[in-house]
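We name chains A, B, ... by the order of the sequence lines, and we start the count at 1 in each one. It should be emphasised that the depicted structure is a prediction, and the values quoted were computed from it without experimental measurement.
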2 protein chains.
Amino acid sequence: MTKALPSTSRSLPISLLRAREEVMGPIRAMLADVGITEQQWRVLRVLEERGAMEPTRIAEQACLLLPSLTRILQKLEQRALIQRRQDESDKRKQIVQISAAGSEVIAQNLDTSIALTEQVRDRLGVERYEMLLDLLKELSEGGAAPSED
Amino acid sequence: MTKALPSTSRSLPISLLRAREEVMGPIRAMLADVGITEQQWRVLRVLEERGAMEPTRIAEQACLLLPSLTRILQKLEQRALIQRRQDESDKRKQIVQISAAGSEVIAQNLDTSIALTEQVRDRLGVERYEMLLDLLKELSEGGAAPSED
DNA sequence: GTAATTTATTAAACATGTTAAATATATGAC
DNA sequence: GTCATATATTTAACATGTTTAATAAATTAC
């Protein structure tokens, strides 16, 4: 008797989308002032946080597909927010590094960004906020159930 | 002392994105077989579920921006999955309706779609699943805190 | 009733999402 | 060493996301 699709308003994919739009709105507004997109911001953040790395790893961390990342890196390089060099031991790879100007962009937006994050956390309450992050993590981690023989 | 950005792996926007990618993966695979995108599917679902309506309301329900919806409706109309007519009382508006062929597409994918939804719900457990939906709803609803004088 | 304003939709331009194919270098089989 | 295969990145093509502007009809002010 549970054999019906959830109404679109109770659909998990749509709920995830709506929630994300709500959270991203103010962040996008902030970044628009600097002329940077949400995705470009993610790439810069990953590089600042974890240091230089190759595109494939950036894509994983920033949750981007490689073709998208290719174009994003081209634009970030044009604007001198990153630097690229070839990996000497494996010439298929390259190593991408954030530049001083790139770090500068992050620094400029850090305070607002932190404030927006805290605002959302306070709105839900810390416990519910952490619970939400845990549930999301659980969702994105487990592909298959542990018992599958 | 809490004045630092969460690591990207603990960032709410990125967590929402990752979770959504995980959930959408199998659904996209299903729809790809019929040559329909995730967004086209959302539009058809909304029209099937709530009946004919104008684009502005479709956009709200399906969580799409109007310019995107314009293009999507053009393609759905080309494939005869929807019909459009002008609203007689207000000629700025139009009324969009799913066609028999459109309902057919939904019917074809209904069982798989329900199965995938249940699979996710079972993975989290019903209680945690409902809790997640509630948290997401809360996130996407409240813009400002109630007390702001 | 006409001008200014508002509302519904579309168009345009650029960035990204998504899938498939191309390119270049590495690795392994022999 | 040569060939087949695998890996890292890019290109191509089409769909959507996002912001701003254009268009058309409706509403309001007067």
### Task
Step by step, work out the side-chain hydrogen bond (donor to acceptor under 3.5 Å, both in side chains) result for Ser140(B) and Glu21(A).
CA-CA 8 Å; Ser140(B) 54; Glu21(A) 287 312 294; over 6 Å; no

## Note on the structure
The answer to which of Gln94(A) and Arg20(A) contacts DNA chain D further toward the 5' end, by nearest nucleotide, is Gln94(A)

### Query
Got a sec, which pairs hit side-chain hydrogen bond (donor to acceptor under 3.5 Å, both in side chains) with one end in residues 81-90 of chain B, sequence neighbours left out?
Glu77(B)-Arg84(B), Arg84(B)-Gln94(B), Arg85(B)-Gln97(B), Asp87(B)-Ser89(B), Asp90(B)-Arg92(B)

Donor-acceptor list for residues 52-61 of chain A side chains, cut-off 3.5 Å, not counting sequence neighbours:
unit_1, atom_1, unit_2, atom_2, d
Gln61(A), OE1, Arg50(A), NE, 3.4
Gln61(A), OE1, Arg50(A), NH1, 2.5

Under 3.5 Å, N/O pairs linking protein and nucleotides 14-17 of chain D:
unit_1, atom_1, unit_2, atom_2, d
dT16(D), OP1, Thr37(B), OG1, 2.9
dT16(D), OP1, Gln40(B), NE2, 3.4
dT16(D), O3', Gln39(B), NE2, 3.0
dG17(D), OP2, Ser68(B), OG, 2.8
dG17(D), N7, Arg71(B), NH2, 2.6
dG17(D), O6, Arg71(B), NH1, 2.9

### Query
Any ion pair linking Lys137(A) and Glu130(A) (charged N to carboxylate O, less than 4.0 Å)?
no

### Message
Within the 4.0 Å heavy-atom criterion, would you say Gln74(A) contacts the bases, only the backbone, or no part of the nucleic acid?
### Response
sugar-phosphate

### Task
Give Arg57(B) one of three labels, base, sugar-phosphate or nothing, depending on what nucleic acid heavy atoms sit under 4.0 Å from its own.
nothing

Check: residues 40-47 of chain A side-chain donor-acceptor pairs under 3.5 Å, at least two apart:
unit_1, atom_1, unit_2, atom_2, d
Gln40(A), OE1, Thr37(A), N, 3.1
Arg42(A), NE, Ala62(A), O, 2.6
Arg42(A), NH1, Glu38(A), OE2, 3.3
Arg42(A), NH2, Ala62(A), O, 3.2
Arg42(A), NH2, Cys63(A), O, 3.3
Arg45(A), NH2, Pro6(B), O, 2.6

### Task
Kindly compute the distance separating OG (Ser99(B)) from CG (Leu81(B)), expressed to the nearest 0.5 Å.
5.5 Å

### Query
Closest to the Thr56(A) side chain: dT10(D), dA25(D), dA8(D)?
dA8(D)

### Query
If you check the Asp90(A) side chain, which of dT25(C), dT10(D), dT11(D) turns out closest?
dT25(C)

### Task
Calculate the interatomic distance between Leu66(B) atom CG and dA12(C) atom P; express it in whole Å.
17 Å

## Note on the structure
Double-helix bend of the helix from dG1(C)-dC30(D) to dC30(C)-dG1(D), axes at both ends from 5 pairs, round to 10°, gives 10°

N/O to N/O distances under 3.5 Å, protein versus nucleotides 20-24 of chain D:
none

